[in-house]
Undergrad: 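Below: one structure in structure tokens.
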Amino acid sequence: MHGEYKVPGGKLVVVDVDVDVVDGALRHARVAGDFFLEPDEALDAVNGALEGAPADTDAAGLAARIEAALPEGTVMYGLTAEGVGIAVRRALAHATDWTDYDWQLVHEGPQPPALHMALDEVLTAEVAAGRRPPTLRVWEWASPAVIIGSFQSLRNEVDPEGARRHGVDVVRRISGGGAMFVEPGNTITYSLSVPEALVQGLSFQDSYAYLDDWVLGALGDMGVRAWYQPLNDIATDQGKIAGAAQKRVVGPDGAPGAVLHHVTMAYDIDADKMLEVLRIGKEKLSDKGTRSAKKRVDPLRRQTGLPREAVIGRMVDSFRARYGLTQGKVTDGELARAQELARTKFTAPEWVARVP
């Protein structure tokens, strides 16, 4: 069995391993990759630590075996013991790789907020059913909005008078996470709708960093040193620039499904307006290590010095260079289903206020 895992911010780890059919233990494990490891015999220690491990050992358990076996003074660069464990788990789960797919880009004109929520649901269901290839969708916003997480309380997150005064639509998405304030021209939002096989062997937390490793590289190429801040923030030395959320979608008749992973990035922001629309509590601010909501988000416009369209273009180019990407579109059938969902679900009070 063969597994690969790109350590976020690090190097590629490749594992080939067998499982003994008699005792269910790992055999003949061979770890490779473009990482750096000193001394040379440390690699033999890593392979030896995996030999005989029960095949159902989780990534943390495999990492503990590796760390216990490493020679004193071992230096890993671009590699972690946990990364090796994850690569093993992906091998055993028969996980796929980014380059196993023909990726499609969908980047169309501005759409109402409720339709964006519906398109995420429809396109990810189509990927789960095998009727659509894995898709990167870049959003364009037709109007300002607050998007609250699936499990958030509407009254706790949104000031209704502030939203009305500024003409801000309030919608609820199908994924969890926190509220996002968006305005056309000030926000960069994208979705990945991917087969579940792409994240097999990854924990829920690890899948966040894995699915956005490409965008960290794109930001780095624009001079922005960014990293994932668990569970779901993309941060820089200047502050948070993005938040991510996920939803797992079951395939038809119990078949393997798909994962929706979407990210909202602050290109620019009207912080005063945001604070009039969102109710950002002291508890949320305290766990971010800051006393001011205005200081929590640092827009990409200032950090890159580039127009919004150029930032998006560089991101798309980075994805294409890594994995390949062809231009696509929302089909007529997908759009019709999304429009119906927007009308019957995502603008319905029963959904928007399902957690009052």
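Fair warning: this is a prediction, and the values are worked out from it, not measured in the lab. All heavy atoms count here, side chains included; hydrogens, waters and symmetry mates do not.
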Undergrad: So which heavy atom on Ser207 is nearest to which on Arg248, and how close?
TA: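 Scanning both residues, the minimum pair turns out to be OG-NH2, 3.1 Å.
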
Undergrad: Taking only residues two or more places apart in sequence, or in another chain, which ones meet Asp56 in a salt bridge (charged side-chain N to carboxylate O under 4.0 Å, His left out)?
TA: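 Here no residue qualifies.
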
Undergrad: Under a 3.5 Å distance rule, please check whether Glu51 uses its side chain to pair with a backbone N or O of His28 as donor and acceptor.
TA: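 Present.
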
Undergrad: Quick one: do Arg90 and Tyr210 satisfy side-chain contact (heavy atoms from CB on, under 4.5 Å)? Show the steps, please.
TA: CA-CA 12 Å; Arg90 285 175 59 75; Tyr210 182 71; 3.2 Å; yes

Undergrad: Starting from the C-alpha separation in whole Å, work towards a yes-or-no answer on side-chain contact (heavy atoms from CB on, under 4.5 Å) for Trp227 and Ile234.
TA: CA-CA 6 Å; Trp227 60 88; Ile234 298 177; over 6 Å; no

Undergrad: For Phe36, which residues count as a ring pair (Phe, Tyr, Trp, His ring centres under 6.0 Å) partner, sequence neighbours excluded?
TA: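 Tyr77.
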
Undergrad: Are Arg308 and Glu140 within salt-bridge range, i.e. N to O under 4.0 Å?
TA: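 Answer for the salt bridge query: yes.
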
Undergrad: Hey, what's the ring geometry for Trp103 with Phe319, parallel, tilted or perpendicular (30° and 60° as the breaks)?
TA: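 Ring orientation of Trp103 relative to Phe319: perpendicular.
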
Undergrad: Can a donor-acceptor pair be found, under 3.5 Å and without considering hydrogens, that links the side chain of Arg302 to the backbone of Gly305?
TA: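 Not a single qualifying donor-acceptor pair exists.
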
Undergrad: Using modelled atom types only, decide if a donor and an acceptor are shared between the side chain of Arg172 and the backbone of Val352 within a distance under 3.5 Å.
TA: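 The answer is yes, because a donor-acceptor pair under 3.5 Å joins these two groups.
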
Undergrad: Listed by chain and number, what are the side-chain contact (heavy atoms from CB on, under 4.5 Å) partners of His2, not counting sequence neighbours?
TA: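 With sequence neighbours excluded, His2 shows a side-chain contact (heavy atoms from CB on, under 4.5 Å) to Glu4, Val14, Asp16, given in chain and number order.
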
Undergrad: Check whether Thr264 reaches the backbone of Thr189 with its side chain - one donor and one acceptor, N or O, closer than 3.5 Å.
TA: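 No.
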
Undergrad: Check side-chain contact (heavy atoms from CB on, under 4.5 Å) between Pro256 and all other residues, then give those that pass, not counting sequence neighbours.
TA: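 Scan of Pro256 (side-chain contact (heavy atoms from CB on, under 4.5 Å), adjacent residues dropped) gives Glu196.
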
Undergrad: I want to know whether Tyr190 and Trp214 have ring centres closer than 6.0 Å.
TA: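 Yes, the ring centres sit under 6.0 Å apart.
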
Undergrad: Would the distance check show the side chain of Arg279 and the main-chain N or O of Asn156 forming a donor-acceptor pair, the cut-off being under 3.5 Å?
TA: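 No; zero donor-acceptor contacts below 3.5 Å.
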
Undergrad: Rounded to the nearest 0.5 Å, what's the gap from CG on Leu300 to CE on Met222? Could you check?
TA: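 It is 7.0 Å, given to the nearest 0.5 Å.
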
Undergrad: Let me see the working for Asp120 and Arg137 under salt bridge (charged side-chain N to carboxylate O under 4.0 Å, His left out), right down to the final yes or no.
TA: CA-CA 9 Å; Asp120 261 0; Arg137 183 170 74 92; 3.1 Å; yes

Undergrad: Give a yes or no answer on whether the side chain of Tyr5 reaches the backbone of Val15 with a donor-acceptor pair at less than 3.5 Å.
TA: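 Side chain of Tyr5 to backbone of Val15, a donor-acceptor pair under 3.5 Å: no, none is there.
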
Undergrad: Any salt bridge between Asp317 and Arg314, counting N to O under 4.0 Å?
TA: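 The answer is no: the pair does not qualify as a salt bridge.
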
Undergrad: Hey, are Glu276 and Lys273 close enough for a salt bridge, meaning a charged N less than 4.0 Å from a carboxylate O?
TA: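 Not counted as a salt bridge, because no side-chain N and carboxylate O are separated by less than 4.0 Å.
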
Undergrad: Can you list the residues that meet the salt bridge (charged side-chain N to carboxylate O under 4.0 Å, His left out) rule with Asp213, with sequence neighbours excluded?
TA: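 Residues passing salt bridge (charged side-chain N to carboxylate O under 4.0 Å, His left out) with Asp213: Lys6, Arg322.
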
Undergrad: According to side-chain contact (heavy atoms from CB on, under 4.5 Å), who are the partners of Asp20, at least two apart in sequence or on a separate chain?
TA: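 Asp20 satisfies side-chain contact (heavy atoms from CB on, under 4.5 Å) with Val22, Asp23, Arg27 once adjacent residues are dropped.
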
Undergrad: Work out which heavy atom in Val31 is nearest to a heavy atom in Asn47; give both atom names and the distance.
TA: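 So the minimum-distance heavy-atom pair works out to N-OD1, 2.9 Å.
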
